Structures are given as C-alpha cells and as structure tokens.
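Here is the naming used below: chain letters follow the sequence lines, and residue numbers restart at 1 for every chain. Quick caveat: nothing in here was measured; it's all calculated off a predicted structure.
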Protein chains: 2
Amino acid sequence: MSKNNAVDDLHIIERIANFQNMDQFKTAMDGFLSTLGFDCWAYTVKMPDSFNGSSFDIIHTWNQEFVDRYRDIHAFHCPRLKHLWQSEVPLIYDKKFTDNDLKLLRHQPVKVKAVIEEIIDFGYHGHGFSLTTHGKHGDKGVLTLQNRDKRKDGIDAISLSFHFASAFFPLMHMKYIELKGWRPPGSLFPLTERELECLRWAADGKTAWETGMVLNVSERTVNFHMANAQKKLMASNKIQAVARAILYNLL
Amino acid sequence: MSKNNAVDDLHIIERIANFQNMDQFKTAMDGFLSTLGFDCWAYTVKMPDSFNGSSFDIIHTWNQEFVDRYRDIHAFHCPRLKHLWQSEVPLIYDKKFTDNDLKLLRHQPVKVKAVIEEIIDFGYHGHGFSLTTHGKHGDKGVLTLQNRDKRKDGIDAISLSFHFASAFFPLMHMKYIELKGWRPPGSLFPLTERELECLRWAADGKTAWETGMVLNVSERTVNFHMANAQKKLMASNKIQAVARAILYNLL
DNA sequence: ATCGGCCCTGTAATTTCTTACAGGTAGCAT
DNA sequence: ATGCTACCTGTAAGAAATTACAGGGCCGAT
C-alpha cells in the first residue's frame, strides 16, 4: 500500500483507468492483492446476458478442485453468500463468523444445510473478507481475500486491506468489465432523446396513446419511436426493449 | 477512526446494521464524519419513484444558500458530476482536479460552462472527495467530504478517510434507505416463483404463448400468473410489471 | 377437515401492440 | 445542393395483451 496518501490514490485511480488490456489488468490485480499479504484471493464476475442466464468469470488463486466443487454444489444457495451477492454488506471471515454460520445452520432446510456444511468443511475458513460491487449494467463483482494459513495473524491486519480494497475494487471491476468488452445484448446503437422518453413512459405503464398525450404527439409517432428503439436494442417487443433499456441503465 | 482493526470493522458493521431510527443514524453519521476531520460534508440520496421522476434527500453541513443555488443551476449537468452519479469512480478534489476541470471548460458549450464556472466560483474548491454508491433498488448515494479551510493540510490526510469512507459509506446508505422506509412503488407483496419466471421470460421478449412452451403450461396459465404479478406490483400492464420487477431487483 | 395459497385451464370481447405500406418537415454538415 | 438524422403522421391487418366470465387439483396449516 506504499505511502498511503491522496496523491497515491489519484495515481492508482488513473492507473486503473489507463489499463489497455487484460494482461496489464491481471498483472496489476496480482500486484495489488499480493502486497496486501493474503494467501489467496478470488475475483468473481457476473454478467447478465439476459434475465434467464448470466455468464460468470472467476479469476482465483484457490485450487481448481475447490472452485469446481464450489460451483457444482451451488454454494451460492448458502444464505450468507446469497446475501453477499445481493447486497453491499461485506463478509468478514473470522472465528465469530464461522460460529454464527454454524448457529444459522440449525434453521436451514436439509439440502441447504448439507451444502453449507460442505463449504465450511472444504474451505470456508481462514481469515479475510469478501466485498461486493454492483456495476452499472447489472454486472456484479465479488472479491474475496483470505488467509488460510492459521499461523499468520490475519485478523488484525485485515482492516487496512479491507478499507483499501473497498476503495479500489469497484474501479478494478469497472475496468474489468470494460476490458472484457462485455455489453448487455443490444446496446450498440445510441438511442435518441425521443426514443428514451417513449421508453421511460412505457416503463411507467403508459400506453402509446397516453405517451402521445404527454409528449404532445400522435399515438402513431410514439409507436414509430418505440419501433426504432426496439430495432436499436435488438428487442423482439416493447417489453424486452424496456427491460434492456433499464438493464443498460439508459432510463 | 480509533484502533482501525478488523474487530472494529465488525463492530462498525454491526452498529450500522442495528440503527433503529433516523436520529441514531444521523448522530452516528455526524460522529463518523467529524472524526475524519473535515470541515463539511454532504450526503445526497436519490430514490427513483418511477422512470420519470425521483425524490432527493440532502443532508449537509454546507450553508443552505450554496446547496439551493447548486440545485437551482442544475449543477449535475457538469460532466464530472454527472459521471460521478453514474459511475463508481470517486472524485478527489485537489489542485490538480480544479486545473483539469478548468482545462475541460474550454470544450464545453456555453451553458454548461457558465454552470461549472459558477460552481467552482461559489464553492467547488477545498480538498476532499466524493464517493458514489449504488443501492439495489435504483437508489444512489453520494457522499462528499471537504476541507474548505486552506490552512488545514487536507490533501495528505485524505487517504485514510477515503479508504475508511469507501468501506462504510455503502452500508450507511443501505441503512438510510431502510430507515427512510423507501420502497420502489408496488413492492409490498412477495411474488411467487412462477410469477417471477413469467416476468423473466417476458423481460427476455417472450410472448405468453412462448413462455407457456418453455414452462410447459398453457398460454392461459402464463397470462394468469402475469395478471397476478401485475396486481401485486400495482402495475397497469405487463411492461410496467416487468420494469418494476427489474427496478426492485426481483429478476 | 376446512381454509387458504399456489398452480393450472378454458372462452370471449376489447384494447393495445406490431408491422407493413405510405408520406412530409427541419436542421446540420460536406 | 445534397445527404443525413431526427422528428413527425396516416391507414390497415394481424398478433398479442388485457379483462371479464368460469372452473378444478394439490398441499400445508389451524
């Protein structure tokens, strides 16, 4: 973390903003994280390609066996992990955390219980934390840093790393999404102001006729703009057009 | 910031989670921020009530005159501030920042230029930073911390505060939204699994008949679930139902 | 055992959307 | 001037959604 002052921060922000390719990104990621002094880290990215399916990337220094198993048993059914993905509340792993989780186990259905037990058993220990960041386009990232090595006095060293990672992980994630070139499907063509207005009113439940009243144009014109928006968003109907516009944060 | 270790962090997270009312929240906010040693701070919250209008809250220690003027001249038209609201890239205010902004001025339309000049003139200086956080339901928060007092050596003290605020501001914001009791309209009744499935497929542009094929039920049944979802979401049609479900992060 | 919630299905009238055809205006840039 | 873009409007046929009417089955809880 070097000198840890605001000039450094500006420098880091600029550095992240200027990564040109994925190699630079990954090298820097490695650099940042290894200086934080953890045994292992994982960065998981979720990119929603539709409302019925998402693609995931996982970059990690865990052993592959664990990650595969983790995915196969649908570990994200564990309530705490589910919550991690949905909220911005970080998880801090320590003794107390594990105790709490074991307590929660009693109130879980058998299926979920088995999953959680296996996760804890397999590798859900070690000191560290998980952070979630929510991107603009429905994309999410989770960063996990852990010390498996019990001999290391991780718990007291976590804090600075936690704060530091909180500050820069959202930026790293944004840059990753950008470099990855991922876009929600059908976001290539810029929408005009009129098209956006029509989409907005449609999202608020207005019919084409009502939108026409609001915008002081004919119903026909609203349908015209809506049809153009649909083409640009590669949507098969108004509903998908609105859904994509929202997902892509256009409204 | 006291001892600054992980036990403290857990404590802070729990404390934030346990605020019972707005008074406790505001007192704590004051406490956190005043210990960071800045002259003044502002916390701005945006809650989208529909796609055509949002409500804003501003809690601040600026002088009211500035805040009013800031709102009246639509300061958020300033590109940097617009970007701040849309992205998660923080702004760090220092000499370099102001210089950059003045440089950018040359390429701006006259209207925007006038706005920016007035902001800089009126109060857009001082050392500090602005942070953005994106909530789950389309809500956003921006936290700004500044030292107006030029005699204070702000720039080198910013970093720790910046990291600390990055870590806990998202949680504060989540809690604020919760305490405020704000919900996107029509999110009171829990949707069933079937209703969610129908909404998801609709959001992906499928017609009721197509969704029926996918779910292996009749078109009529899909319309039945969709109608129930519409009632629960208080939506006047399928489009608004889908839009609200997305906004409320249900899909 | 009864009630309520969730799931499922049918018919039919009406409204809205979607897509095809057709056309015209205004402003801006090379 | 010419082309490009955004904007606007009309008609009409067919597809889809919306809203009413109607009904039955399964399961878990009081």
Side-chain angles (χ1 to χ4, degrees), chain A residues 51-52 107-112 186-246 250-251, chain B residues 51 107-111 186-246 250-251:
Chain A
F51 291 93
N52 284 282
H107 309 292
Q108 293 302 325
V110 181
K111 255 192 191 173
V112 178
S187 58
L188 299 173
F189 307 104
L191 298 173
T192 69
E193 196 45 52
R194 252 346 193 198
E195 283 155 4
L196 288 173
E197 283 179 301
C198 291
L199 286 168
R200 265 191 286 267
W201 288 111
D204 280 342
K206 300 283 178 284
T207 66
W209 182 84
E210 290 169 322
T211 302
M213 288 295 100
V214 175
L215 299 182
N216 200 31
V217 295
S218 75
E219 176 184 354
R220 178 65 191 86
T221 303
V222 176
N223 282 326
F224 166 79
H225 290 304
M226 196 60 78
N228 288 335
Q230 282 178 39
K231 273 176 222 151
K232 288 184 183 175
L233 293 165
M234 292 188 278
S236 52
N237 59 32
K238 213 165 154 176
I239 302 176
Q240 192 177 19
V242 168
R244 285 198 165 158
I246 298 172
L250 301 171
L251 302 193
Chain B
F51 291 92
H107 308 294
Q108 294 302 326
V110 182
K111 255 191 191 175
S187 58
L188 299 172
F189 307 104
L191 298 173
T192 69
E193 195 44 53
R194 248 353 190 196
E195 284 156 4
L196 288 173
E197 282 179 300
C198 291
L199 286 168
R200 264 190 286 266
W201 287 112
D204 279 343
K206 300 283 179 283
T207 67
W209 183 85
E210 289 169 324
T211 303
M213 290 294 101
V214 174
L215 300 182
N216 201 31
V217 295
S218 74
E219 177 185 354
R220 178 65 190 84
T221 303
V222 175
N223 282 326
F224 167 79
H225 290 305
M226 197 59 78
N228 288 335
Q230 282 179 40
K231 275 178 221 153
K232 288 184 183 175
L233 293 166
M234 292 189 280
S236 52
N237 60 32
K238 212 163 153 175
I239 301 175
Q240 192 177 20
V242 168
R244 285 197 165 158
I246 298 171
L250 301 171
L251 302 192

Fill in the blank from the handout: Of D:dC7, C:dT18, C:dC7, the nucleotide closest to the side chain of A:K238 is C:dT18

Problem - Check ion pair B:E193-B:R200 (N to O, under 4.0 angstrom) - result: yes

Completion exercise
Taking every heavy atom of B:A202 against every heavy atom of B:M226, the minimum-distance pair comes out as CB-CE, 3.7 Å

Practice task
Can you tell me the distance, in whole Å, between the CD atom of B:E219 and the P atom of D:dA15?
Solution key: 13 Å

Completion exercise
Looking only at D:dT18, D:dC8, C:dT9, the nucleotide nearest the B:V217 side chain is C:dT9

Problem - Integer-rounded Å distance: C:dC6 P and B:K231 NZ - result: 12 Å

Exercise for the section: Please report, rounded to the nearest Å, how far the C1' atom of C:dT9 is from the CG atom of B:N228. Expected result: 14 Å

Exercise for the section: Please report, rounded to the nearest Å, how far the P atom of D:dC8 is from the CE atom of A:M213. Expected result: 13 Å

Problem - Earlier contact from the 5' end, DNA chain D, for B:A227 and A:H225 - result: A:H225

Fill in the blank from the handout: Considering only heavy side-chain atoms of B:R220, the closest of C:dC17, C:dC7, C:dG10 is C:dG10

Practice task
Check the pair B:W201 / B:L215 against side-chain contact (heavy atoms from CB on, under 4.5 Å), numbers first and verdict last.
Solution key: CA-CA 10 Å; B:W201 287 112; B:L215 300 182; 3.9 Å; yes

Practice task
Name the closest nucleotide to the A:T221 side chain, picking from C:dT9, D:dC8, D:dC7.
Solution key: D:dC8

Practice task
Kindly determine whether B:N228 and B:T192 satisfy side-chain contact (heavy atoms from CB on, under 4.5 Å), including the steps that lead there.
Solution key: CA-CA 9 Å; B:N228 288 335; B:T192 69; over 6 Å; no

Practice task
Rounded to the nearest angstrom, tell me the gap between atom CD in B:E193 and atom C1' in C:dG5.
Solution key: 15 Å

Handout entry: Proximity to the side chain of B:Q230 - top-ranked nucleotide from D:dT9, C:dT11, D:dT18
Key = D:dT18

Practice task
Report yes if at least one side-chain N or O of A:T207 is closer than 4.0 Å to OP1 or OP2 of C:dT15; otherwise report no.
Solution key: no

Exercise for the section: Starting from the 5' end of DNA chain D, give me the residue, B:F224 or B:N237, whose nearest nucleotide shows up first. Expected result: B:N237

Handout entry: Side-chain N,O (B:T192) to OP1/OP2 (C:dC7) below 4.0 Å
Key = yes

Handout entry: Distance in angstrom units between A:L215 CG and D:dC8 C1', rounded
Key = 12 Å

Exercise for the section: Could you state the atom-to-atom distance from CG of B:N216 to C1' of C:dC7 in whole Å? Expected result: 14 Å

Handout entry: Pairing of B:R194 and B:E197 as salt bridge, 4.0 angstrom limit
Key = yes

Fill in the blank from the handout: To the nearest angstrom, the CD-P distance between A:E195 and D:dC8 comes to 11 Å

